[in-house]
Amino acid sequence: MSETASRRGVELPTAYDPAQTERKWYEKWLKGGYFTAGKRPDAPRYTIVIPPPNVTGNLHIGHALDFTLQDILIRFKRMQGYDALWLPGTDHAGIATQTKVEQHLREEEGKTRHDLGREEFLKRVWAWKEHYANTIREQWAKMGFSLDYTRERFTLDEGLSRAVLEVFVRLYEKGLIYRGKRIINWDPETRTALSDIEVEYKEVQGRLYHLRYPLTDGSGYIEVATTRPETMLGDTAVAVHPEDERYRHLVGKTVRLPILGREIPIIADEYVDMEFGSGAVKITPAHDPNDFEVGLRHDLPQILVMDEAGRMNENAGPYQGLDRFECRKKIVEDLTAQGFCVKIEEHVHQVGHSQRSGAVVEPYLSTQWFVAMKPLAERAIAAQKSGKAVRFVPERFEKIYLHWIENVKDWCISRQLWWGHRIPAWYCEACEEIHVGHEAPAACRKCGHTALRQDEDVLDTWFSSALWPFSTLGWPDDTEDMRRYYPTDVLVTGYDIIYFWVARMIFTALEFTDSIPFREVLIHGLVRDAQGRKMSKSLGNGVDPLEVIEKYGADAMRFMISTGSTPGQDVRFRWEKVEQARNFANKIWNASRFVLMNLDGYEPGDPDLDGPLTAADRWILHRFNETAREVTRLLDQYENGETGRVLYDFIWDDLCDWYIEFSKLSLYGDDPERRKTTQRVLVWVLDRTLRLLHPFMPFITEEIWQHLPRAAEAGETIMLAEWPRPDDRLNAPEAVREMELLKQTIRAVRNVRAESGVAPGKKVELLVKPAGEAELELFKRNEAYLVRFAGTSSLVIDPNLAPPAKAVTAVVTGAELFLPLAGLIDIEQEIARLEKELAHLNAEVERVEKKLANEGFVSKAPLHIVEEERAKERDYREKRDKVLARIAELRG
RNA sequence: GAUCUCAUAGCUCAGUUGGGAGAGCACCAUCUUGACAGGGUGGGGGUCGCAGGUUCAAGUCCUGCUGAGAUCACCA
């Protein structure tokens, strides 16, 4: 007890200074090892793996939202006694990182990656990665995240790379990974293949070019239309619908391709839409996915007319060497000049752009590696539709997920990059036999040749991300962590990566661990700017979380961002909201200062519920209990916005505006027993309230909590303090009724004073006419509060009192209140004021009576609802009658 | 074209299984009262987008419409 005694009376500065305390506590938490999971072997575990941020740069405010939501859950569960693991890590982010490093290299040294060579270039990327991984760790620390750094992982580290190999080899052996020549999405800027979802379609104002291809027999022309005229150089057919009467006679004939003069057939295929355009389509199998299919059906040649940089190649004849867009211009000029281009229409259409480079994506025939999605998707769909499902929060995102996985196409997983997991395939130099395995084979299994070269390409970043929930825990080994912490409990992420990541983790986990990777997925929205725009580098409207922290503190940022939204909905970032959160932190700080400044003679211990507690004491304990119950319930439902509101209201309204104000009477009074009781209630409630708030505002709650006198068994950090459990012994409905009447009375007096223009500081006489014995007792018991908070010079409580004419009146549920204001009052004005009140009460009475007169309502509504309305009716009637009587009296 | 989200006070947004609307900011008045002016007290302000329907009862559920946004799929 000497320790708590020595803490007594510690002075806190008048305003909370976040910068000072945040670093201090984070260091202590780290040193204490409180973030490390595994110290409660007998407790149930709770696992979250972090969505690994890219090592491309600093974290932005969107990360702050995502991670804060996770830290809230982890801290909450840890306090509830779980063995809580929050596993951190970072993602190598293939294209994104490589592009950044290449850009850096170009700007700083004027070199390309090819100048350095693969090995040297990768060294540079690793250095970049180290730098940004450190920056990210620093940012995590500033935001207060309780991550278990002993388990931190990186998608390219040794263990995870092994997992990637394992998955690749197994899928290959199962026939679910294959190599094939297909139309893929090609990014000519970064010169790599992309998967379908890495292509963003944007509406673009383009043109539709109508071209005439002359029939070789000289009998005329056939007209086709295209948005990409340069691809005509790769045309190998013109297709019409087999049932199209207009063209039936032409099928089987040939046309001569303008410029190149190649003779190509007119074919019939059901793919063609007769209604659209001329009903005839040019077919370019090497540059369009649909044409590719048509080409296969009709055994057409595939002529690639561009190179990997999007320049026209040797097949483009006179256009060789031109950029594809220059070629477009040139070829249209030429075709027009030669009379082959007959019409150019303005045409709005969707054009695919690379998600990373922004370049217009070229559908491109290329040999790549693919994952056959059908079997994997079917299993995921079956799982989702049976009981073995991942629960999406909010539910609607399940539909989004299912729609995607039900329509998914094969996944192109090879990337023409250097930064990533190199594809574990080796080709025999002699016979081109493919060998897939963990290591390079010594010799070709087919021809015995020993010269084998490994595939130059790496895997799509998302291939490794798909394994994240189990690769981070040690899979494919049967590790202790894997057994204890897998499957994880919840995945928290934004709706923008449901396809990229969430879906892929689910089907991979089902395939390789035979289980779902997480029970629930909590989906949040995007953080937008104050105008509701998406934050982006080009707009420069991004918000740096560190700037927010510097200005307002990490707790304010966390509270604002986590409570400022509804699940699944986008959040707008507004500085005013951070300011509000900062003010809230300051409010808590000062309420705590008040408590700490008034602990003279404090004797440690819980409030004695059987002791002489005041109604206010019992009321605040009751309200705390309700708040604890509500906060726990809401947190379990991921209702952070509501949780924040409940805590805010309890702390600001109930604790600060009412209880602390009321407590001053006990603290400054001369009854030492009452003072001690109130001190205990204050300390107890503040302690527990800080715990409820801790997941949201870890720093300030810890700082204050450490200043509070508290029992040794509470532990050395609020992080590990027990989460408050609802306790029925704290229920005090009578105290609640008493406080409600007191509050109503005090407010009514303040109100009429203000309305009657009584100076706020002026003490006035207050006459209370209670309605009955119980009320009389109640008011007598609480005289001191009325005097203090209603600004009373003298107080008369008398059920039989005859009010003076020159007085203003207020009516509350159990009493009439009179303020004799002889000098100030104008009778007519008072009557007018009361009549306004009367009109209001009459309207209420009428409304309730009408409801109760409704036979359907009384017979069908739940009893407690009907009872509530009856009580309202009585209350409004009573008040109305009193106001009516008072008006008559004044007139009278 | 398909699916989804949103529309509530001047602004930004809450509103948790349907029971007569709230917060912050802004605004008006007032208070240098011994935790806090980043504060206290009191106040004004809303036909909950429109039209129907279900129900004793609809901001809340259903249908249609209007407007804003998102995602997916597309016709060359």
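The chains referred to below are lettered A, B, ... by the order of the sequence lines, with proteins before strands, and numbering in each begins at 1.
- Residue A:Tyr401 places none of its side-chain N or O atoms closer than 4.0 Å to OP1 or OP2 of B:C4.
- Contacts between residues 268-279 of chain A and RNA chain B, counted as heavy-atom distances below 4.0 Å, involve A:Tyr271, A:Val272, A:Asp273, A:Phe276.
- Under 4.0 angstrom from either OP1 or OP2 of B:G39 there lies at least one side-chain N or O belonging to A:Asn583.
- Smallest separation of non-hydrogen atoms from A:Ala15 and A:Trp589: C-NE1, 3.5 Å.
- Proximity of A:Thr14 to the phosphate of B:A35: no side-chain N or O atom is located under 4.0 Å from OP1 or OP2.
- Within the 6.0 Å centre-distance limit, the rings of A:Trp575 and A:Phe573 are counted as a close aromatic pair.
- For B:U3 and B:U63, the P atoms lie 12 Å apart once the distance is rounded to whole Å.
- Protein atom OH of A:Tyr495 is 13 Å distant from nucleotide atom P of B:U5, rounded to whole Å.
- Of the residues in residues 656-664 of chain A, A:Cys656, A:Asp657, A:Ile660, A:Glu661, A:Lys664 come within less than 4.0 Å of RNA chain B through at least one heavy atom, sorted by number.
- In this structure, of B:A35, B:G20, B:A76, it is B:G20 that holds the atom nearest to the side chain of A:Arg847.
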*For RNA chain B, what dot-bracket results from Watson-Crick or G-U pairs at under 3.5 Å, with [ ] for crossers and | for inter-strand partners?*
(((((((..((((.....[..)))).(((((.......))))).....(((((..]....))))))))))))....
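- Test A:Glu345, A:Glu346, A:His349 against A:Arg207 for side-chain hydrogen bond (donor to acceptor under 3.5 Å, both in side chains) and you get one pass: A:Glu346.
- Listed nucleotides B:U5, B:C75, B:G42 differ in distance to A:Arg750; the shortest reach to its side chain belongs to B:G42.
- Map A:Lys577 and A:Tyr16 each onto its nearest nucleotide of RNA chain B; the residue landing nearer the 5' end is A:Lys577.
- Between A:Val199 and A:Glu855, it is A:Glu855 whose nearest contact on RNA chain B lies nearer the 5' terminus.
- Of the candidate nucleotides B:A76, B:A35, B:C31, B:C31 has the atom lying nearest to any side-chain atom of A:Pro760.
- Distances shorter than 4.0 Å separate some side-chain N or O of A:Lys399 from OP1 or OP2 on B:C4.
- B:A23 and B:A14 have their P atoms separated by 16 Å, given to the nearest Å.
- The one candidate from A:Tyr401, A:Trp404, A:Phe397 that meets the ring-ring contact (aromatic ring centres under 6.0 Å, His included) condition with A:Tyr499 is A:Trp404.
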